[in-house]
Amino acid sequence: MTVDLSVDFCGIKHENPFILAPSPSTDNLDLLIQAFEAGWAGAVLKTVAVDSRVVSRVFPMVTRVEQDAAFIGLQNIDLVSEHSVETIERNVRILKERFPTKVVIPSIMAFAKEDWQSLTKRFIAAGADIIECSIWHPHGTEWTLCTKVEEPVGTEQIASWVKEAAGDVPVIIKLSALDSDIIATAVAVERSGADGVSAINTIKSITGVNLDTLIPYPNIAGLSTYGGLSGPALKPIALRCTAEIAQKVDLDIAASGGITTWKDGAEFLLLGANTLQICTAVLRFGLGIIDEFKQGLEGWMREKGFQNLTEVIGKSLPYLVEHSRLPRGIQVVSTIHKELCNGCGVCLSACRAGGHQAIIWTDGFPQVEADKCIGCGICRAMCFLKAITLIRPSRAKVHV
C-alpha cells in the first residue's frame with residue numbers, strides 16, 4: 001500500500017510533517033542546506049529581532065537535564081539569532097532559490113507594531129512561505145526585544161498586526177504552556193485572522209543547584225539565571241496543549257516539545273497536530289534522524305491502513321472527554337506476571353505507600369490479593385519491567 005506523508009499546513013504543502021524548530025541548527029545556512037538535502041520538509045529559522053545585534057550572549061548556554069542519569073531534556077539560556085535581519089533575509093532568499101519546494105519559516109520578535117510589520121514584509125519579500133511570531137519567551141525578557149503582552153488581548157493585537165502586513169502569506173503564533181489560559185489565547189489568535197499556532201515554546205525553568213558550590217545551573221562566572229526547558233520532559237505538557245487547542249479552535253497546529261521518535265510524532269498527529277517541529281532530538285542524534293522519522297511513521301501508517309496524514313490527524317481526539325464522562329463501575333485488579341518480574345519490590349512499596357496493602361511478598365516475589373486491590377494502577381505505573389497488567393476480576397489470575 002502506498003503511503004503519502006505530505007501534509008497541508010496553513011495552505012502550504014509540506015512533503016512530510018517534520019520541520020526543524022528554531023534553534024542553533026536553523027541559524028546556520030550550511031546546516032539548513034544539509035537538513036533540506038537530508039529530507040526535512042522545512043525549517044523555522046532561529047528567532048530574529050530588529051535589535052538582535054545589541055543582545056550580548058553568555059556561555060555556556062545549554063545545560064543537560066537528567067533524572068537518575070537518564071536524559072530528560074535541555075535547558076537553554078540562549079536568546080535571539082546572532083545574525084542581523086539582513087543576514088536572515090539573505091538566507092531565506094538562498095534557501096528558496098535552491099530548494100523551492102521546501103518550507104522556509106522566519107521566526108520574528110518585535111516590540112512595536114511598526115517593527116512587527118516591517119519584519120513581516122521584509123521576510124515575505126525575501127520569499128518566506130510562512131511567518132512565525134515568537135511572543136512568549138521564557139527568559140531574557142528584560143532585553144525588551146518583544147512586546148510584553150497581556151494575554152490573550154495582547155496576543156490578538158500582535159497577531160492582527162502581523163496578519164495585516166502578511167496578506168495572503170500564512171501567519172502562525174507561538175504559544176506557551178505558561179499562559180494562564182492557552183485556549184483563550186488560541187481563540188484570540190483565531191479571531192485575529194492568523195492561520196495557525198505553534199505549541200509549545202520552551203518552559204521557564206531551573207535545571208538544578210550544585211550542592212557543592214550552592215550555585216544553580218548553569219554557572220556563569222558565579223551567577224545563574226532562568227532558562228527554557230526543552231526535550232522529552234515537555235512531551236506530556238505539549239501533548240495536552242496540542243489536544244486542547246485542536247478540540248477548541250479551528251487552527252492548524254505545529255506541535256513542538258519532546259518529539260524524540262517517530263512514535264512521539266505519531267501521537268501528536270493523532271491528537272490534532274498538522275506538522276511537527278523538532279529541536280532537542282536533532283541536537284542529540286543529528287540531522288540524519290529524519291530518515292528514522294519518515295520510515296517509522298510510514299511503516300506504522302501502512303500497518304494501520306492509513307494512506308495519508310489526513311486520515312491520521314486528530315484520529316484520537318474523540319477518545320478525549322471530560323472526567324465526568326468517563327465510564328464508572330468498571331472494576332479492574334492488578335495481575336503480576338512472575339515470568340517478567342525480577343523481584344525488585346517496587347510494586348510492594350508503592351501499594352503500601354498508596355494505602356491499599358493489596359500486595360504481599362511470597363517466596364521472593366510479589367503477589368496480589370485480589371479482594372483488596374482497587375485497581376488504582378500505582379503498582380503498574382511504578383513497574384519499569386512492565387510485569388503488571390490490570391484486568392477484570394473475573395479474569396484475574398495470581399501468578400505464583
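Starting from 1, each residue takes its place in the sequence as its number. What you see is a predicted model, and the numbers here were worked out from it, not measured in a lab.
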[X] (side chain) donor-acceptor with [Y] (main chain) under 3.5 angstrom:
X: Thr335; Y: Leu390; result: no
X: Ser160; Y: Ser192; result: no
X: Lys46; Y: Ala21; result: no
X: His14; Y: Gly42; result: no
X: Asn16; Y: Gly39; result: yes
X: Ser205; Y: Gly227; result: yes

side-chain contact (heavy atoms from CB on, under 4.5 Å) between Asp78 and Val62, intermediate numbers included
CA-CA 8 Å; Asp78 197 3; Val62 180; 6.0 Å; no
Return the minimal non-hydrogen interatomic distance between [X] and [Y], and the atom names on each side.
X: Ser134; Y: Asn201; value: OG-ND2, 4.4 Å
X: Val85; Y: Ala49; value: CG2-O, 3.8 Å
X: Ser6; Y: Asp4; value: OG-OD1, 2.8 Å
X: Leu31; Y: Pro24; value: CD1-O, 4.4 Å
X: Arg392; Y: Ile330; value: NE-CG2, 3.3 Å
X: Val7; Y: Pro17; value: CG1-CA, 4.1 Å

Would you compute the distance between atom [atom1] of [X] and atom [atom2] of [Y] and round it to the nearest 0.5 angstrom?
X: Leu32; Y: Asn91; atom1: CG; atom2: CG; answer: 7.0 Å
X: Ser198; Y: Leu175; atom1: OG; atom2: CG; answer: 7.5 Å
X: Thr261; Y: Phe293; atom1: OG1; atom2: CZ; answer: 7.0 Å
X: Leu270; Y: Phe268; atom1: CG; atom2: CZ; answer: 11.5 Å
X: Asn219; Y: Leu214; atom1: CG; atom2: CG; answer: 11.0 Å
X: Ile359; Y: Ser349; atom1: CD1; atom2: OG; answer: 9.5 Å

Tell me, yes or no, whether the heavy-atom count around [X] atom [atom1], taken from other residues, nucleotides or ligands under 6.0 Å, exceeds 12.
X: Glu292; atom1: CD; value: no
X: Arg352; atom1: CZ; value: no
X: Phe59; atom1: CZ; value: yes
X: Asp371; atom1: CG; value: yes
X: Met61; atom1: CE; value: yes

Mind listing the side-chain donor-acceptor pairs of residues 93-112 below 3.5 Å, one per line with the distance, residues two or more places apart or on another chain?
{"from": "Lys96", "atom 1": "NZ", "to": "Pro100", "atom 2": "O", "distance (Å)": "3.1"}
{"from": "Lys96", "atom 1": "NZ", "to": "Lys102", "atom 2": "O", "distance (Å)": "2.7"}
{"from": "Lys96", "atom 1": "NZ", "to": "Asp129", "atom 2": "OD1", "distance (Å)": "3.2"}
{"from": "Lys96", "atom 1": "NZ", "to": "Asp129", "atom 2": "OD2", "distance (Å)": "2.9"}
{"from": "Arg98", "atom 1": "NH2", "to": "Glu37", "atom 2": "OE2", "distance (Å)": "3.0"}
{"from": "Lys102", "atom 1": "NZ", "to": "Glu15", "atom 2": "OE1", "distance (Å)": "3.3"}
{"from": "Lys102", "atom 1": "NZ", "to": "Glu15", "atom 2": "OE2", "distance (Å)": "2.8"}
{"from": "Lys102", "atom 1": "NZ", "to": "Phe36", "atom 2": "O", "distance (Å)": "3.3"}
{"from": "Lys102", "atom 1": "NZ", "to": "Trp40", "atom 2": "O", "distance (Å)": "2.9"}
{"from": "Ser107", "atom 1": "OG", "to": "Thr47", "atom 2": "OG1", "distance (Å)": "2.7"}

State, yes or no, whether a side-chain contact exists between [X] and [Y] at a heavy-atom distance under 4.5 Å.
X: Tyr217; Y: Val209; result: no
X: Phe384; Y: Asn342; result: yes
X: Glu86; Y: Arg122; result: yes
X: Glu132; Y: Gln277; result: yes
X: Leu385; Y: Leu340; result: no
X: Leu74; Y: Thr202; result: no
X: Cys133; Y: Val171; result: yes
X: Lys163; Y: Asp195; result: yes

Please test Ile220 against Thr225 for side-chain contact (heavy atoms from CB on, under 4.5 Å), starting from the C-alpha separation and ending with a verdict.
CA-CA 9 Å; Ile220 311 296; Thr225 190; over 6 Å; no
Side chains of residues 297-310: which donor-acceptor partners sit under 3.5 Å, not counting sequence neighbours?
{"from": "Glu298", "atom 1": "OE2", "to": "Arg302", "atom 2": "NH2", "distance (Å)": "3.0"}
{"from": "Arg302", "atom 1": "NE", "to": "Met1", "atom 2": "O", "distance (Å)": "3.0"}
{"from": "Asn308", "atom 1": "OD1", "to": "Thr310", "atom 2": "N", "distance (Å)": "3.1"}
{"from": "Asn308", "atom 1": "OD1", "to": "Glu311", "atom 2": "N", "distance (Å)": "3.2"}

Examine [X] and [Y] and state if one hydrophobic cluster contains both, with Ile, Leu, Val, Met, Phe, Trp and Tyr joined whenever side-chain heavy atoms are less than 4.5 Å apart.
X: Leu276; Y: Leu5; result: yes
X: Leu45; Y: Ile172; result: no
X: Ile12; Y: Leu20; result: no
X: Ile391; Y: Met382; result: no
X: Val65; Y: Val282; result: no

Apply side-chain contact (heavy atoms from CB on, under 4.5 Å) to residues Val321 and Leu326 and explain how you reach the verdict.
CA-CA 7 Å; Val321 297; Leu326 293 174; 3.9 Å; yes
Only counting residues at least two apart or in another chain, list the ones meeting side-chain contact (heavy atoms from CB on, under 4.5 Å) with Cys373.
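For Cys373, the residues satisfying side-chain contact (heavy atoms from CB on, under 4.5 Å) (neighbours in sequence not counted) are Val333, Ser334, Ala358, Val368.
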Residues 249-256, side-chain donor-acceptor partners within the protein, below 3.5 Å, at least two apart:
{"from": "Asp252", "atom 1": "OD2", "to": "Cys10", "atom 2": "N", "distance (Å)": "2.6"}

Review item, side-chain donor-acceptor pairs of residues 233-244, under 3.5 Å, at least two apart:
{"from": "Lys235", "atom 1": "NZ", "to": "Asp264", "atom 2": "OD1", "distance (Å)": "2.7"}
{"from": "Lys235", "atom 1": "NZ", "to": "Glu267", "atom 2": "OE1", "distance (Å)": "3.2"}
{"from": "Lys235", "atom 1": "NZ", "to": "Glu267", "atom 2": "OE2", "distance (Å)": "3.1"}
{"from": "Arg240", "atom 1": "NH1", "to": "Glu244", "atom 2": "OE1", "distance (Å)": "3.1"}
{"from": "Thr242", "atom 1": "OG1", "to": "Ala238", "atom 2": "O", "distance (Å)": "2.9"}

Under the side-chain contact (heavy atoms from CB on, under 4.5 Å) rule, what do Phe9 and Ile130 come out as? Steps first, then yes or no, please.
CA-CA 10 Å; Phe9 176 71; Ile130 298 171; 3.8 Å; yes
Quick one: salt bridge (Lys or Arg N to Asp or Glu O under 4.0 Å) pairs with a partner in residues 315-335, sequence neighbours left out?
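Every candidate salt bridge (Lys or Arg N to Asp or Glu O under 4.0 Å) pair involving residues 315-335 fails, so no pair, neighbours aside, qualifies.
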